[in-house]
Amino acid sequence: MTRLLPCLLLVALSLGCSRPDPDLRLILTGSSTVAPLATEIAHHFESENPGIRVDVQSGGSSRGVADTRRGLADIGMISRDLLPEETDLIAHVIARDGIGVIVHADNPIQRLSSTQLRAIYTRAVTDWAELGGAPGRITVVNKAAGRATLAVFLEHLQLRPDEVSADVVIGENEHGIKTVAGDPGAIGYVSIGAAEHDRGLGIPVRLVELDGVTASRTAVATGRYPMSRPLCLVTHGPPAGLARRFIDHARSESAHELAATQSFVPASS
């Protein structure tokens, strides 16, 4: 037994040395819109800082706020402005995005007004023929509670959550895009950047004009698009150390290029 003690001690020391140094690791949680961009920024940051690990997890803006407040995340991700009750947090804008209304690529509808969109989501209109499209029941796809995209959408249409009647409730942008792509009668709303990216990959969805404005990165950049929001990293108080370095990197020119690649509007624009 005494001969085993030195070996056990060596194993214990070895395991202890293999644990990640908290000073070399960052955890980001929150918005599914911000997460893909934050992941790319994280890869770039890690390549420039060997030994540092950045863990990016989605789950919605509400999770980002809650985790940051509770110390479960070093940095939260939100795709909206901070709320009046969130003054204990500091937002660091890294890009801007719009919320685009999507339909299946085979749907002939090219444009909708906010009034028509409100009628769809409250079931005042239930068939595409009522909007000048081909006859067919409208499948309403809505975002889950706690998602910033839902909050911005409801605010724009001046709707309460209980006034919306949905067939499908989704969380991540990709879930919404896949749902609409799989149903010719569906309508949903997601990040313009995510929709443009996936359409470029051949996924059969199409962004429709909203109130006469094309849903595009250009329209968001010029301020013409009616549903847009900031993409932010949030901290509980002023960031320091590794968190400060990461945020500075996320707001640098190299990160602006990554934002543009994902069809977002860089914060400097």
Side-chain angles (χ1 to χ4, degrees), residues 32-33 36 79 96-144 147-161 163-229 261-265:
S32 63
T33 298
S79 47
R96 292 196 65 83
D97 183 33
I99 297 173
V101 178
I102 57 171
V103 296
H104 192 278
D106 292 338
N107 191 325
I109 293 291
Q110 300 290 326
R111 57 190 61 84
L112 290 168
S113 67
S114 291
T115 300
Q116 290 172 319
L117 195 58
R118 195 177 196 278
I120 290 171
Y121 273 79
T122 57
R123 297 293 193 185
V125 169
T126 60
D127 195 290
W128 285 112
E130 299 176 70
L131 300 170
R137 183 179 182 279
I138 301 173
T139 302
V140 176
V141 181
N142 195 35
K143 279 273 191 173
R147 302 283 175 167
T149 307
L150 169 66
V152 175
F153 182 78
L154 293 178
E155 181 180 3
H156 175 74
L157 294 184
Q158 298 184 323
L159 286 174
R160 299 188 312 271
E163 292 180 293
V164 173
S165 180
D167 296 295
V168 182
V169 176
I170 56 95
E172 310 285 321
N173 285 309
E174 291 303 316
H175 185 193
I177 291 169
K178 289 177 182 177
T179 299
V180 174
D183 183 349
I187 184 171
Y189 55 94
V190 297
S191 155
I192 288 177
E196 287 188 340
H197 176 268
D198 284 9
R199 179 159 173 77
L201 296 177
I203 295 176
V205 296
R206 181 165 45 76
L207 287 156
V208 301
E209 287 184 10
L210 180 61
D211 295 330
V213 181
T214 300
S216 67
R217 183 159 61 98
T218 300
V220 172
T222 58
R224 294 185 299 111
Y225 191 70
M227 277 198 295
S228 64
R229 72 283 182 71
T261 298
Q262 295 198 16
S263 297
F264 296 132
V265 178

* Close side-chain approach of Phe264 and Ser191, heavy atoms under 4.5 Å -> yes

* **Distance, nearest 0.5 Å, that separates CG of Leu112 from CG of Asp211** => 9.0 Å

Which donor-acceptor pairs under 3.5 Å do the side chains of residues 150-158 make with protein atoms, sequence neighbours left out?
residue, atom, partner, partner atom, Å
His156, NE2, Ser114, OG, 2.7

* When rounded to the nearest 0.5 angstrom, what distance separates CD1 in Ile120 from CG in Leu131? -> 5.0 Å

* To do: Nearest 0.5 Å please: distance from the OG1 atom of Thr179 over to the CD1 atom of Ile187.
  => 13.5 Å

* Pairs satisfying salt bridge (charged side-chain N to carboxylate O under 4.0 Å, His left out), at least one member in residues 176-201, at least two apart -> none

* Only counting residues at least two apart or in another chain, list the ones meeting side chain to side chain donor-acceptor pair (under 3.5 Å) with Thr33. => Asn173, Arg229

* Asked: Tell me the salt bridge (charged side-chain N to carboxylate O under 4.0 Å, His left out) pairs involving residues 111-128, sequence neighbours left out?
  -> Arg111-Glu209, Arg123-Asp167

* Asked: Side chains of Thr149 and Arg147: is there a donor and an acceptor less than 3.5 Å apart?
  -> no

* Any salt bridge (charged side-chain N to carboxylate O under 4.0 Å, His left out) pairs touching residues 213-222, not counting sequence neighbours? -> none

* Asked: Of all heavy-atom pairs between Tyr225 and Val101, which one has the smallest distance, and what is that distance?
  -> OH-N, 4.2 Å

* Least distance between heavy atoms, Ser32 atom then Pro36 atom -> O-CD, 3.1 Å

* Asked: Who pairs with Tyr189 by side chain to side chain donor-acceptor pair (under 3.5 Å), at least two apart in sequence or on another chain?
  -> Asn142

